Amino acid sequence: MTISVVILAAGEGKRMRSRLPKVLHDIGGQPLLAHAIATARQLSDARIHVVYGHGGDQVIARLNGLLPPDTARWVKQEQQHGTGHAVAQALPGIDESSTVLVLYGDAPLISAETLRRLVAASADGALALMTVELDNPAGYGRIVRDKAHAVTRIVEEKDANDSQRAIREINTGFLAVRAGQLRQWVERLDNSNAQREFYLTDVIAMAVRDGVTIRTVSPASPFEVLGVNDKAQLALLERYYQKMRAEDLLKNGVTLRDPARFDLRGELTHGTDVTIDVNVIIEGTARLGSRVTIGPNVLLINVEIGDDVEILANCVIEDAVIGAGCRIGPFARVRPQTRLADNVHVGNFVEIKKSTVAAGSKINHLSYIGDSTVGARVNIGAGTITCNYDGANKYETIIGDDVFVGSDSQLVAPVRIGDGATIGAGSTITRDAPAGELTLSRAPQQTHPGWKKPVKKRRVEE
Ligand code: UD1
Ligand code: CA
């Protein structure tokens with residue numbers, strides 16, 4: 001049986017009070033709609049139809065890459081006349097015999113497993129509807145049942161009377177039904193309701209009239225079906241999402257010092273015995289080896305980190321490859337295109353950009369290394385700066401193996417320091433320094449015997 005997933009994502013989302021279309025707001029670092037698309041793609045034999053409208057160009061520009069052109073398409077809903085009208089836009093491109101599964105672009109936490117159960121519940125020609133009981137059903141469509149407990153219709157809150165509003169079983173919006181049947185009902189929808197919209201929910205009463213079984217399915221967890229209408233719900237869902245991600249990591253053996261103070265906004269893969277302290281944020285993709293320790297308040301963006309690495313507190317590391325046994329921080333910034341080989345130490349207040357550092361080198365204090373190649377077993381003294389920029393162009397610094405750079409030195413690029421060279425502290429190196437030699441540039445030290453400190457002049461009153 002083929003599944004035609006129709007993702008409704010055309011609405012404006014006024015309550016977000018934002019110029020960004022609602023479905024482009026992020027949960028876990030990914031737009032809401034990206035989550036729905038990713039979940040739909042987990043269903044086998046699914047064709048995906050995304051109904052978009054509000055902020056259309058922006059939505060397509062951001063998400064087009066997620067839709068495989070052979071099995072998915074964008075369907076434009078020029079004006080947003082309601083959920084029934086939105087589904088109607090997609091139906092002409094959908095095969096009669098397939099099962100339509102309706103998802104919402106603003107409900108990102110639904111699991112593929114729950115959707116499979118919903119689809120299965122419609123397999124015999126029934127209309128399968130996902131519902132859930134909420135303590136506070138405000139804002140949702142209510143599920144109306146008869147004395148025999150059979151569903152008779154859905155009533156939207158704005159159209160409901162007091163006794164209907166008291167119903168706690170709500171419509172999540174997710175439903176599955178045969179396309180051929182849905183088409184007949186959708187064609188007959190009208191907008192004679194409080195919102196002057198074509199409600200998809202009105203097909204339930206039509207199905208009942210046609211003698212179609214309505215079967216309700218509930219999600220594994222009520223959080224799965226929550227939608228985002230405003231920033232408070234966005235924040236709430238972010239916390240649920242992060243809780244789920246943290247639970248997955250804990251299950252896989254990662255130590256999270258506090259799962260409530262950990263944010264994964266991308267993908268994390270890891271070896272064994274990884275420990276992550278509080279307030280760590282991971283964005284993009286992070287690959288951590290085994291026995292990696294990450295201290296508190298660390299931001300990692302697209303990193304590959306080898307075994308036995310220790311990242312101390314308050315580091316920011318982006319687009320970098322860190323070899324095994326490295327120790328970084330506290331307070332270090334490793335910027336894009338940096339590769340540290342094994343056992344490199346980068347200490348406090350060190351910034352490294354677009355540089356490679358070979359094994360066993362140490363840059364422990366207050367240094368800037370940019371556009372540089374640093375050899376193995378090098379010791380860069382405190383306060384060393386590679387002057388890589390002349391105000392117009394960037395230049396490279398090449399430092400050989402076993403070099404010792406004394407503290408407070410400036411290496412003015414382009415410049416090369418030969419293997420085994422020593423640079424005297426406080427030097428400004430503007431020409432290549434030969435291998436194995438001591439090179440320094442330093443104004444001669446002077447002492448002025450008998451010099452007196454100035455004394456404060458007495459102010460003469462006039
Ligand atoms: C809808 C349901 C309600 C349910 C609730 C669950 C209807 C009439 N009501 O109400 O029963 O409890 O969802 O969250 O279906 N959309 C379009 N085009 C449109 C209108 C909406 O694509 O013309 C999309 C929106 O982008 C959104 C989804 O459909 O992703 C739901 O629309 P929304 O306006 O949020 O519906 P609710 O009033 O929340
Ligand atoms: Ca909604």
Side-chain angles (χ1 to χ4, degrees), residues 5-16 18 20-25 27 31-37 39-40 49-56 58-59 63 74-91 102-110 129-134 136-144 151 153-160 164-165 167-175 177 182 185-186 189-206 216 218-219 222-230 233-234 236-237:
V5 184
V6 177
I7 305 179
L8 303 187
E12 179 175 3
K14 280 202 190 73
R15 284 170 286 170
M16 297 298 279
S18 165
L20 192 68
K22 175 160 80 173
V23 291
L24 291 187
H25 286 267
I27 291 282
L32 292 169
L33 180 53
H35 289 271
I37 292 172
T39 308
H49 311 259
V50 184
V51 181
Y52 75 105
H54 194 82
Q58 241 178 311
V59 172
L63 297 175
W74 293 99
V75 178
K76 185 146 195 191
Q77 185 192 22
E78 293 286 351
Q79 283 183 322
Q80 286 77 58
H81 292 306
T83 49
H85 180 256
V87 169
Q89 310 309 304
L91 283 175
V102 176
L103 309 187
Y104 284 5
D106 61 1
L109 303 187
I110 190 75
L129 190 63
M130 184 133 21
T131 72
V132 71
E133 289 211 9
L134 296 181
N136 177 12
Y140 290 97
R142 308 296 207 281
I143 307 296
V144 181
V151 174
R153 57 184 290 225
I154 296 175
V155 58
E156 289 304 299
E157 177 163 274
K158 288 190 174 125
D159 303 290
Q164 288 165 335
R165 282 184 194 204
I167 298 171
R168 288 176 38 226
E169 187 184 9
I170 62 100
N171 172 33
T172 64
F174 299 99
L175 64 81
V177 68
L182 184 61
W185 300 322
V186 163
L189 288 175
D190 65 46
N191 65 349
S192 52
N193 53 52
Q195 304 188 77
R196 299 258 145 241
E197 287 186 356
F198 296 87
Y199 290 167
L200 181 62
T201 44
D202 285 347
V203 306
I204 306 302
M206 294 178 182
T216 55
S218 51
F223 306 139
E224 282 189 53
V225 299
L226 293 181
V228 172
N229 294 307
D230 56 29
Q233 286 169 328
L234 185 71
L236 184 77
L237 262 64

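Computed from a predicted model, the values in this text were never measured in an experiment. As the structure lists them, so they are numbered: ligands from 1, and atoms in each ligand from 1. For the numbers below, each heavy atom of this structure counts, side chains included, while hydrogens, waters and symmetry mates do not.
Contact check for Asp159 versus Tyr199: side-chain heavy atoms found under the 4.5 Å cut-off. Residues Ile167 and Pro137 fail the side-chain proximity criterion, which asks for heavy atoms closer than 4.5 Å. Residues Met130 and Val225 form a side-chain contact, since some pair of their non-hydrogen atoms from C-beta on lies under 4.5 Å apart. The shortest side-chain heavy-atom distance between Glu169 and Glu133 falls under the 4.5 Å cut-off. Residues Ile154 and Leu129 meet the side-chain proximity criterion, which asks for heavy atoms closer than 4.5 Å. Side-chain contact between Leu226 and Leu109 is absent, with no heavy atoms from C-beta onward closer than 4.5 Å.
For His85, the closest heavy-atom approach to ligand 1 does not fall below 4.0 Å. Not a single heavy atom of Ile170 sits less than 4.0 Å from an atom of ligand 1. Residue contact check for ligand 1: Gly227 places no non-hydrogen atom closer than 4.0 Å to it.
In terms of polar-atom proximity, defined here as any N/O pair under 3.5 Å, Gly173 makes no such contact with ligand 1. An N or O contact shorter than 3.5 Å is missing between Val51 and ligand 1 by distance. For the pair Asn171 and ligand 1, the shortest N or O to N or O distance falls below 3.5 Å. Geometrically, ligand 1 and Glu156 share a nitrogen or oxygen pair separated by less than 3.5 Å. Every N/O-N/O distance between Ile154 and ligand 1 stays at or above 3.5 Å.
Of all non-hydrogen atoms in Val6 and Ala90, the two that sit nearest each other are CG1-CB, 4.1 Å. Ala160 and Arg165 make their closest contact through O-NE, 3.4 Å (heavy atoms, listed as atom of the first residue, atom of the second, distance).
A salt bridge links Glu12 with Lys14: the closest approach of a Lys/Arg side-chain nitrogen to an acidic carboxylate oxygen falls below 4.0 angstrom. For the pair Arg142 and Glu157, the salt-bridge criterion is met [side-chain N within less than 4.0 Å of a carboxylate O].
In Ala9, the part holding a heavy atom less than 4.0 Å from any atom of ligand 1 is the backbone. With a 4.0 Å heavy-atom cut-off, ligand 1 is reached by the side chain of Gln77 but not by its N, CA, C or O.
The distance from ligand 1 to the heavy atoms of Gly105 drops below 4.0 Å at these ligand atoms: 30 (O). Taking every heavy atom of Thr172 and a limit of under 4.0 angstrom, the matching atoms of ligand 1 come to 6 (C). If you number the atoms of ligand 1 from 1 as listed, the ones under 4.0 Å from a heavy atom of Gly141 come out as 3 (C), 4 (C), 11 (O), 12 (O). With ligand atoms numbered from 1 in the order given, ligand 1 contributes 17 (C), 18 (N), 22 (O) to contacts under 4.0 Å with heavy atoms of Ala86. Each of the following atoms of ligand 1 lies closer than 4.0 Å to a heavy atom of Thr83: 7 (C), 8 (C), 15 (O), 20 (C), 21 (C), 29 (O), 31 (C), 32 (O). Taking every heavy atom of His81 and a limit of under 4.0 angstrom, the matching atoms of ligand 1 come to 23 (O).
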